[in-house]
Every structure is written in structure tokens, then in C-alpha cells.
**Q** 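One structure is given below, represented as C-alpha cells, and several questions about it will come after.
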Amino acid sequence: MTTTPAKDTAHTTAALALGDDALVLSHRLGEWAGHAPVLEEEVALANIALDLLGQARVLLSMAGDEDELAYLREERAFRNLQLVEQPNGDFAHTIVRQLYFSAHQYLLYAELASGDGPFAPLAGKAVKETAYHLDHAEQWTLRLGDGTDESHRRTQRAVDALWRYTGEMFQPVEGLDVDRAALETAWLERVTETLGRATLTVPDGSRTGAWAAGAGRQGLHTEPFGRMLAEMQHLHRSHPGATW
Amino acid sequence: MTHTDWPLWEVFVRSRRGLSHTHAGSLHAPDAELALRNARDLYTRRGEGVSIWVVPSSAITASSPDEKDPFFEPAADKPYRHPTFYEIPEGVQHL
Amino acid sequence: MATAAARDTAGSQTYDVRDGAGDTAGHERAFDAAVAADERIEPRDWMPDAYRATLVRQIAQHAHSEIIGMQPEANWITRAPSLRRKAILMAKVQDEAGHGLYLYSAAETLGVGRDELLDKLHSGRQKYSSIFNYPTLTWADVGAIGWLVDGAAITNQVPLCRCSYGPYARAMVRICKEESFHQRQGYELLLALSRGTPEQHAMAQDAVDRWWWPSLMMFGPPDDESQHSAQSMAWKIKRHSNDELRQRFVDICVPQAASLGLTLPDPDLRWNEERGHHDFGAIDWTEFWDVLKGNGPCNEQRLTRRRQAHEEGAWVREAAAAHAAKHTNGETGATRA
């Protein structure tokens with residue numbers, strides 16, 4: 001069964017894009033439960049995952065039924081960035097993914113919150129949560145980048161590997177009326193500053209182009225995403241029509 | 001395997017404006033900034049606080065329990081420090 | 001005034017003046033009097049070695065149980081069948097990490113570091129509750145754990161809020177407050193299944209069938225076989241006997257099961273008018289001891305996973321420590337936010 005959103009408006013498209021970002025990243029962070037490098041970090045990662053899941057539920061509800069959208073869409077109907085679906089990797093990989101995404105989400109929500117569009121109420125609450133997520137990612141980027149040789153090596157590897165997924169964040173999304181160019185400049189500035197303080201090198205690779213930019217917003221995802229969805233959806237789909 | 005036991009920090013939380021910070025517990029963190037963030041995640045995740053202090057446990061100087069008597073007992077025989085020591089006629093207000 | 005840390009942290013076993021003064025008898029009298037008067041013992045008070053050792057063992061085991069206990073439930077986070085359930089489960093597993101932290105903190109006030117305790121867990125020298133060596137096979141197991149396992153834990157833990165050792169009692173107050181949601185979400189989850197499709201109902205019944213007996217075993221061996229009970233009761237670390245708490249739990253569960261529309265898997269379960277309690281069937285203690293000895297379905301898996309998380313996290317902990325050593329600005333003072 002495939003579900004189409006209740007109202008096919010531009011805002012539905014935007015709500016799905018933002019909602020899927022939050023849903024998918026929350027799911028990935030949830031995979032850390034029981035695996036974190038230290039107990040304090042179990043609590044921190046779960047807090048971030050819960051914030052994101054809360055955002056996802058609000059956003060998906062703007063586009064339709066949250067559970068139908070989360071559990072009954074096929075992979076090609078998901079509109080999230082390829083960045084957020086990337087597997088967790090090691091802790092450095094997860095932290096850099098958080099850094100790239102949170103910096104973008106924070107700047108985006110700050111702008112949406114200051115406007116009077118349909119996302120302003122959600123963004124007003126989410127921007128505070130996201131500010132904390134960004135702080136968490138920056139604090140850890142500093143410690144891992146400027147920690148031991150091993151942590152530096154692992155973090156630089158993550159910085160480089162995930163770089164190609166960051167261009168997609170600044171592609172236009174129907175229904176999101178924001179200054180993309182300004183957002184990208186601010187993002188680049190913030191991330192460059194953090195990486196610099198962490199003694200890490202900003203990659204010089206491309207963030208745009210046919211395969212580098214990603215196309216999650218158009219429903220083209222990476223291979224690991226299908227397996228993630230299979231796990232996420234199987235129980236719900238095994239009992240059609242059931243309530244939980 | 002190497003041990004890098006992060007130092008222990010004591011956490012004090014002000015539950016709302018107008019109240020003192022109260023000892024909530026402790027946690028491990030490599031430095032003060034992460035201690036503060038860990039404290040926020042651990043001790044205020046149900047909205048229990050508006051302000052947090054973290055203090056390295058090693059920085060706390062405590063009275064010894066053996067000095068309990070000379071330290072605290074002299075205060076026990078000064079009931080005149082407590083308002084209930086004074087008898088006030090019934091009906092007198094604002095005292 | 002003594003200049004010393006407020007707590008005796010790892011390694012510094014030099015608690016107080018037993019040396020030299022020869023006043024052990026006096027200290028012991030003061031300790032006994034405090035316990036008898038229902039006062040709390042605090043970290044820097046004199047306490048008998050055996051009391052300290054008992055507390056370390058019990059609190060550590062309790063902390064380990066919270067941490068290992070994350071695993072069977074985390075097993076279902078990625079498969080939770082609705083976003084609401086997913087949020088609830090994530091929050092619950094997070095609480096368990098938090099409870100582990102509260103408890104390790106309480107143990108540390110007795111002079112033993114968390115690293116040392118984790119080492120003992122990882123090497124099998126300290127135990128965790130055997131209940132977590134059972135697998136979570138279906139989604140309904142998440143409900144059964146909430147209702148039965150957390151229910152049994154709460155029955156055990158509420159009296160611990162009045163335990164004679166202050167830091168443990170305070171940790172338990174916080175934990176019990178937070179755990180009440182754990183049990184309720186489990187009950188509600190099972191109720192939704194029980195009232196759902198026939199397949200969902202069957203899933204719920206199957207989970208209760210599998211979790212009922214292990215949760216009765218959570219109260220420990222019968223009173224006449226429990227090696228630590230009597231002394232712990234005298235020290236007011238423990239307030240009620242194993243059998244007493246088990247009976248209380250059974251009495252609570254029977255009507256709750258009826259409201260759920262589920263059956264407890266015990267043909268001998270019936271109300272005993274004379275005793276004013278439910279009679280229940282014999283517990284298979286062979287299974288209990290077997291699982292305790294490491295032969296349960298998941299002992300190996302749980303410990304391996306725990307060790308793996310710890311070992312894979314070593315480079316992260318080292319990195320943060322190295323970073324702190326390089327940037328020591330303000331680390332010696334207090335920090336406020």
C-alpha cells in the first residue's frame with residue numbers, strides 16, 4: 001500500500017522533507033541505544049533522538065497521518081536528505097553527521113521561526129532543541145578532532161566521507177521560502193570555524209554535481225536506507241490495519 | 001585496555017527561580033563544559049531545573065563526621081535563634 | 001575541620017578514624033543506634049566493613065542491571081510499530097541509562113570507582129539481574145517487561161527508598177518516581193494488543209506466558225535459602241523478605257491480568273480466603289540457578305555486547321581526556337549555567 005499525503009500542497013512537500021529528515025536521523029540515533037562510548041552519552045544521544053522524533057511527528061502530521069507516512073511509504077516516496085540516512089559508523093562519523101545536519105537545521109529553523117509561515121510555530125520550539133544539538137556536535141567535534149591521533153584520524157575521515165552529502169541541504173524545497181544562498185554561506189562559515197578549532201581540515205571536494213549532491217529530496221536514496229526502512233516498517237506492515 | 005576514568009563532578013540544580021541550588025547527584029565528564037551538558041541531559045530531562053552548577057568532587061572540602069559534635073552541637077542549644085522560641089499572644093499578626 | 005573530598009572516591013579507602021583511636025566499639029554503637037533509630041548512614045560516617053561490602057555488591061548489581069537491561073528493550077526501538085510507541089520506548093531505555101548512572105554514583109560514595117565496577121561486570125565478577133538474560137522475541141515482550149519486570153522491580157525498590165544508606169535511598173527515590181511511567185506504558189501496550197486483532201492478542205498472551213515465571217524469580221530465592229537476607233534486614237538495607245515481596249507482587253498482578261484480559265500461566269493460582277492472599281504454583285528454582293550461573297538464553301550475548309560497547313568507546317573516552325589535558329582552562333573551578 002502506498003499512501004499519498006492528504007493535501008498535495010507546496011507546504012505538504014516541505015513538511016515531508018523536513019519531517020523525513022527528523023524521522024530518519026532520529027531512527028539512526030536510536031540505533032545507538034546500548035552502544036554509546038560512555039553512559040552519559042547514552043542519555044545525550046537519546047535526548048537528541050527524542051527531540052527529532054517529536055519534530056518529525058509534528059511535521060508528518062501536517063502532511064497526513066504520521067504512522068501511515070512513516071510506515072507505509074516505499075523508499076522512493078521518502079523525501080529526506082541522503083545525509084541523515086547514512087549509517088552511524090563510529091562515534092566520529094555520527095558526530096560529524098550531527099554537526100553537518102544540526103548546523104543546517106539550526107540556521108533553517110532560526111529563519112523559519114522569525115517568519116510567519118506555517119512552519120513558524122514548530123520552528124520556534126525546534127530551534128532551541130536544535131541549538132543544543134549543534135552545541136553537542138560542536139563540543140564533541142572539538143574533543144575528537146583535537147584529542148588523540150586516533151580520534152583525529154577517525155574524525156577527519158568522517159569529515160571527508162560525509163562532505164559530499166552536504167550540498168543537497170541547500171537545494172530549493174517547494175514550500176520553503178528561505179534564502180538558500182545566505183543559508184549556505186552561514187553554514188559554511190560555522191562549520192569551517194568549528195573544524196578549524198578542532199584542528200580538522202575542511203575538505204576541498206565538491207558538494208554539488210550529479211552524484212555528489214544527492215537526491216534524497218527527489219526520492220533517490222542510498223542503499224543502506226532500504227534496509228533501514230525494512231527494519232523500521234516490518235512489524236507495522238505485518239499487521240495491516242492494527243492499532244498499537 | 002587503557003583506563004581513562006573521567007573525573008567525578010557534583011551536580012547542583014536550581015529547580016526554579018527563587019530556590020537555592022540543591023545537590024542532585026554526580027557524574028563523570030572529561031571537563032567542565034561536558035560535565036555541564038551531561039548534567040543537563042541527566043538531571044533535568046524532565047524539566048527539573050532552570051540552572052545547574054557542576055563542581056569537581058575533588059574541590060569540595062567537607063566537615064568530618066568525627067567533628068560532628070564540636071562542629072554542630074553548639075547550635076543545638078540555641079533555641080532563641082528559632083522563631084518558635086517566642087510566645088506571641090493570640091491574634092497578633094505580621095510577626 | 002578536615003580537608004577531604006565530600007565523598008571518598010575511588011581508591012581512597014582511608015575512611016575515618018578506625019586506626020589508632022581504638023574506638024571501633026564506640027563507632028559501632030553509634031552506627032547501630034543510628035540504624036535502630038531509622039536515621040540514614042551517610043558516606044563519611046563510620047560503618048562496618050561488611051555493611052559497606054554488602055552495599056557495594058547490591059548497588060553495583062542494581063546499576064549493572066539497569067545498563068544490561070537496556071539491551072532487551074533497545075532490541076525493539078528500531079522496530080516499534082508506531083511513532084508514539086517508538087518515542088515512549090526510547091525515553092524508557094534512556095531512563096535506564098540514567099538510572100544506571102544514579103546508582104553508579106551512589107556506589108562511588110562508598111569508595112569504589114565506576115571503572116572498577118564496570119570491569120567487574122565485564123569480567124563476570126559482579127552479577128546483574130538474571131531476568132535480562134531472557135530474550136525479547138516479539139513486540140509484546142516490551143509490554144510484558146514494562147508490566148511484569150518493571151512491576152516486580154518497583155515492588156522490590158519502593159522499600160529501598162527507606163534503605164539505611166542515604167545515597168542509595170536518595171537514588172531510589174528518584175528512580176521510583178521515574179519508573180512509574182515504565183510500568184504504565186507496558187500495561188497500556190499490552191492492553192492495546194489484548195484488545196487488538198486476534199494475532200495481537202495471541203502475541204500478548206505468549207509474552208505474558210514467557211515472562212511471568214522469570215519475573216517471580218526476580219524476588220530472589222525463598223527466604224530459607226537466601227544467604228544475604230537476614231543481615232541485610234538487620235541493617236535496614238532490606239525492609240521485607242523475598243517471599244513477602246513476591247506474595248505482594250502476585251496479589252497485585254492477578255486483578256491486573258484480569259483487566260488486561262490475559263491469563264497468568266499458573267494452574268495453581270487461586271485466592272486463599274484464609275491467608276488473605278493468592279496461592280501460587282511452585283517456582284522452578286533449577287531454572288533460576290541455571291540462568292544465574294550463566295546458562296540462560298542470552299547471558300553470553302548481553303555481556304559480549306556490553307563489553308563491545310565499552311571497548312569500542314575507549315578511543316572516544318581517551319580523546320576527551322586528552323583534549324581536557326591539553327585545554328585545562330577553568331577545569332579546576334566550578335562551572336555554572
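Side chains are part of it too, since the values below use all heavy atoms of this structure and drop only hydrogens, waters and symmetry mates. Chain A is the first sequence line, chain B the second, and so forth, proteins listed ahead of strands; every chain is numbered from 1.
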**Q** How close do C:Met90 and A:Leu53 get, heavy atom to heavy atom, and via which atoms?
**A** CE-CD2, 4.4 Å

**Q** Calculate, to the nearest 0.5 Å, the distance between atoms CG and CZ belonging to A:Leu39 and C:Arg114 respectively.
**A** 5.0 Å

**Q** Kindly give the heavy-atom pair with the smallest separation between C:Ala309 and A:Gly34, and that separation in Å.
**A** CB-O, 3.6 Å

**Q** I need the A:Asp67 CG to C:Leu83 CG distance, nearest 0.5 Å.
**A** 4.5 Å

**Q** Is atom CZ of C:Arg307 surrounded by more than 12 heavy atoms (other residues, nucleotides or ligands) closer than 6.0 Å?
**A** yes

**Q** Do C:Thr78 and A:Met232 have side chains that approach each other closer than 4.5 Å (heavy atoms only, starting at C-beta)?
**A** no

**Q** Is it the side chain or the backbone of A:Ser238 that comes within 4.5 Å of chain C heavy atoms, both, or neither?
**A** neither

**Q** For chain C, which candidate among A:Glu40, A:His152, A:Gln233, A:Met228 shows the most heavy-atom pairs at distances under 4.5 Å?
**A** A:Glu40

**Q** Is the shortest heavy-atom distance from the side chain of C:Glu312 to the side chain of A:Asp90 under 4.5 Å?
**A** no

**Q** Do C:His327 and A:Asp146 come within less than 4.5 Å of each other through their side chains, counting heavy atoms only?
**A** yes

**Q** So what's closer than 4.5 Å to chain A heavy atoms on C:Val93: side chain, backbone, both or neither?
**A** side chain

**Q** Quick check on C:Arg79 against chain A: is it the side chain, the backbone, both or neither that has a heavy atom closer than 4.5 Å?
**A** both

**Q** Once rounded to the nearest 0.5 Å, what's the spacing between atom NE2 of C:His323 and atom CD of A:Gln139?
**A** 8.5 Å

**Q** Going through the checks in order, is the side-chain contact (heavy atoms from CB on, under 4.5 Å) test met by C:Leu101 and A:Val43?
**A** CA-CA 10 Å; C:Leu101 283 169; A:Val43 184; 4.0 Å; yes

**Q** Considering all heavy atoms of both residues, which atom of A:Arg57 and which atom of C:Ala87 are nearest to each other, and what is their separation?
**A** NH1-CB, 4.4 Å

**Q** Give the member of C:Gln308, C:Lys86, C:Met70 that has the highest number of heavy-atom pairs under 4.5 Å with chain A.
**A** C:Lys86

**Q** Side chains of C:Glu96 and A:Glu42, heavy atoms from C-beta outward: is any pair under 4.5 Å?
**A** no

**Q** Name the region of C:Ser82, side chain, backbone, both or neither, that has any atom closer than 4.5 Å to a heavy atom of chain A.
**A** both

**Q** Within 45° of the ring axis of C:Trp315 and under 6.0 Å from its six-membered ring centre, is that where the NZ or CZ of A:Arg154 lies?
**A** yes

**Q** Could you tell me if A:Thr148 and C:Glu318 have a donor-acceptor pair between their side chains, going purely by distance under 3.5 Å?
**A** no

**Q** Are a donor atom and an acceptor atom from the side chains of C:Arg305 and A:His35 found within less than 3.5 Å of each other?
**A** yes

**Q** Does the side chain of C:Leu189 reach to within under 4.5 Å of the side chain of A:Trp244, using non-hydrogen atoms?
**A** no

**Q** If I measure from the heavy atoms of chain A, does C:Arg84 come under 4.5 Å with its side chain, its backbone, both, or neither?
**A** both

**Q** On a heavy-atom basis, which atom in A:Pro37 and which in C:Arg317 lie closest, and how many Å separate them?
**A** O-NH1, 2.6 Å

**Q** Sort C:Ile77 into side chain, backbone, both or neither according to what part of it lies under 4.5 angstrom from a heavy atom of chain A.
**A** side chain

